[in-house]
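Residue numbers run from 1 in the order of the sequence given. Both counts, for ligands and for their atoms, begin at 1 and track the order of listing.
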Amino acid sequence: MEEFDQEKVIEEFEALTKDAERVQRETLKKILEENESAEYLQSLGLNGRTDIESFRACVPLVTHQDLESYIQRIVDGDSSPILTGKPITTISLSSGTTQGKPKFIPFNDELMENTLQIYRTSFAFRNREFPLGNGRALQFFYSSKQFKTKGGLAAGTATTNVFRNSMFKKAMKAIQSISCSPDEVIFGSDFHQSLYCHLLCGLIFRDEVQFISSTFAHSIIFAFSSFEQVWEELCNDIRTGVLSSRINVPSTRTAMSKLLKPNPELADLIYKKCSSLSNWYGLIPELLPNAKYIYGIMTGSMEPYLKKLRHYAGGLPLLSADYGASEGWIGANVNPKLPPELATYAVLPNIGYFEFIPLGENIEDRDHNNMESSFLRMEPKPVGLTEVKLGEEYEVIVTNFAGLYRYRLGDVVKVIGFHNSTPEIKFVCRRNLLLTINIDKNTEKDLQLSVEEAGKLLSEEKLEVVDFSSHVDLSTDPGHYVIFWEISGEASQEVLKECCNCLDKSFVDAGYVSSRKVNSIGALELRVVRRGTFQKILDHYLGLGSAVSQFKTPRCVGPTNNLVLQILCANVVKSYFSTAF
Ligand code: AMP
């Protein structure tokens, strides 16, 4: 077994972060040396130079779109050095929440190594505060299918590429993160069946489960809300030792049948526990008495689910996992004791070369009376990792070991502190997720705040917003914001009208408020959708080949995302227009 030396991992991290500036310089040099022969770099006239100044002078900032033609050639099987010196053999599909279609991103061994380094680093800090005993993890991991591209490259979501990598299992074992579910469940071809089996494995190994996790926290909430529907069936399987007929994927069925033995005592115990819970509060620690914490990405678009997660978690600590993307990892959560709302990520200076575009005006605490929108100003120059300033917001630019150079990730982060000389950043939002009609500009965060505010009116009725999204409707004149809500039960007309007004009023961006006052933006519309609509959206993304592990609800459905918009619109049961202005 691979030895895990917690203190050594922490020491290495301390050393790397003490001299982040030098490590960044060396990392860039290494990336450029390894990929000197790449056509892309050659065409930019670097001529073998590897210093930061030449790099910034020669290499432009790019988006995925700028690289699409290069990546497409790789996908189609051109094995000449295009973006990297060594040919790329694996492709990741990003979840593509925003654009509605997955993007192709190069994946290689270095990205895999980075992943393991991030896992080891955050585990070392986490385990120091919340040590695990011997046991297993209930991990809601789902691997999408890997397929071959036209050019013969293996392609799958980034999580799939990681889970299928030969180094993964060994590394997970070393950090006490072996799943209680067999591979046939993780790699099962039917997500709903895998979810059922994960739950069943969790119950079978209930005394051994040390923690519960998923990549993004949404999967954990989804799993336990499904548990509410199937718990009696699960108990029945355990009582009789016969697996439910709903599991019909042969490999999954065979693997699960080996684990399942008749155990009426366990079935009775679980039945009793579930029956005695009030509205499923504290479900997780009841089912899994030795779990120490719940672990997964809980920031950004996952924040709206925290309330529900806390409900299931009872008193169990929620620990946010790390920050990264299919394009590569960025930072590790080295302060695991902080609640998810305050979670920060310390950037690892050796896993890529990072730059940050200062955004000037903070999205989080912007001066709403300031009419001058930041997009009217010139975009400032990016700064280096150790040049960022405390309290400022930035857009992240990544240069990685897999052929992305000065790539705009599209995320907005805020510098909250420093760990030695590397910044600790908080994820703020996606930069391009904007509700905008004219001079108004509302981000994902603004939408979240507005929904939170209006959601308070629902909680007085003991109801909650299960999930939400938004859309700019320009088919009316003037255009207006549409907010889609799925609610946990039936709310009265009066309450929903109030919620609609509250949503409208809670977008406090000066551009929005002034436009609303003069009716250059129409009344906000709240559309309530049927229960289960957001699950249909999830299923839609799964159909596109994305994995549940990477799923993020699209908070704003753009005009190119027709199918999701259709699902939402087809399920509207009530709609209200604001009378707030
Ligand atoms: P994907 O495209 O599926 O690889 O997802 C990557 C994106 O997920 C990032 O660019 C972020 O927008 C988001 N993300 C990843 N990690 C976190 C995190 N810890 N907190 C908030 N958002 C995250």
Could you tell me if any non-hydrogen atom of Asp322 lies under 4.0 Å from any atom of ligand 1?
yes
Flag the pair Glu444 and Arg430 as a salt bridge only when some basic side-chain nitrogen lies within less than 4.0 angstrom of an acidic carboxylate oxygen.
no
Taking 4.0 Å as the limit for heavy-atom contacts, which would you say applies to Trp329 with ligand 1: side chain only, backbone only, both, or neither?
neither
For Phe484 and Phe468: C-alpha separation, side-chain torsions, deciding distance, then whether ring pair (Phe, Tyr, Trp, His ring centres under 6.0 Å) applies.
CA-CA 5 Å; Phe484 295 94; Phe468 63 93; over 10 Å; no
One thing to verify: whether Glu355 and Arg56 come together as a salt bridge, which I'm taking to mean a side-chain N less than 4.0 angstrom from a carboxylate O.
yes
When you check the gap from the basic side-chain N to the acidic O, do Asp183 and Lys169 get nearer than 4.0 Å?
yes
Sidechain-backbone polar pair: Ser194 side chain, His192 backbone, donor-acceptor under 3.5 Å:
no
Checking heavy atoms under 4.0 Å, the part of Lys552 that sits near ligand 1 is side chain
Under-4.0 Å salt bridge between Asp467 and Arg555
yes
Test item, Gly324 contacting ligand 1 (heavy atom, 4.0 angstrom):
yes
Check Phe427 against ligand 1 and report side chain, backbone, both or neither, counting heavy atoms closer than 4.0 Å.
side chain
Heavy-atom distances under 4.0 Å decide this one: backbone, side chain, both or neither, for Thr157 against ligand 1?
neither
Among Ser326, Gly296, Ala217, which one has a heavy atom closest to atom 1 (P) of ligand 1?
Ser326
Please identify which atoms of ligand 1 are closer than 4.0 Å to at least one heavy atom of Arg430.
10 (O), 12 (O)
Test item: Ser450 side-chain N/O and Leu503 main-chain N/O as donor-acceptor pair under 3.5 Å
yes
Report, in ascending order of atom number, the atoms of ligand 1 lying under 4.0 Å from any heavy atom of Thr299.
18 (C), 19 (N), 20 (N), 21 (C)
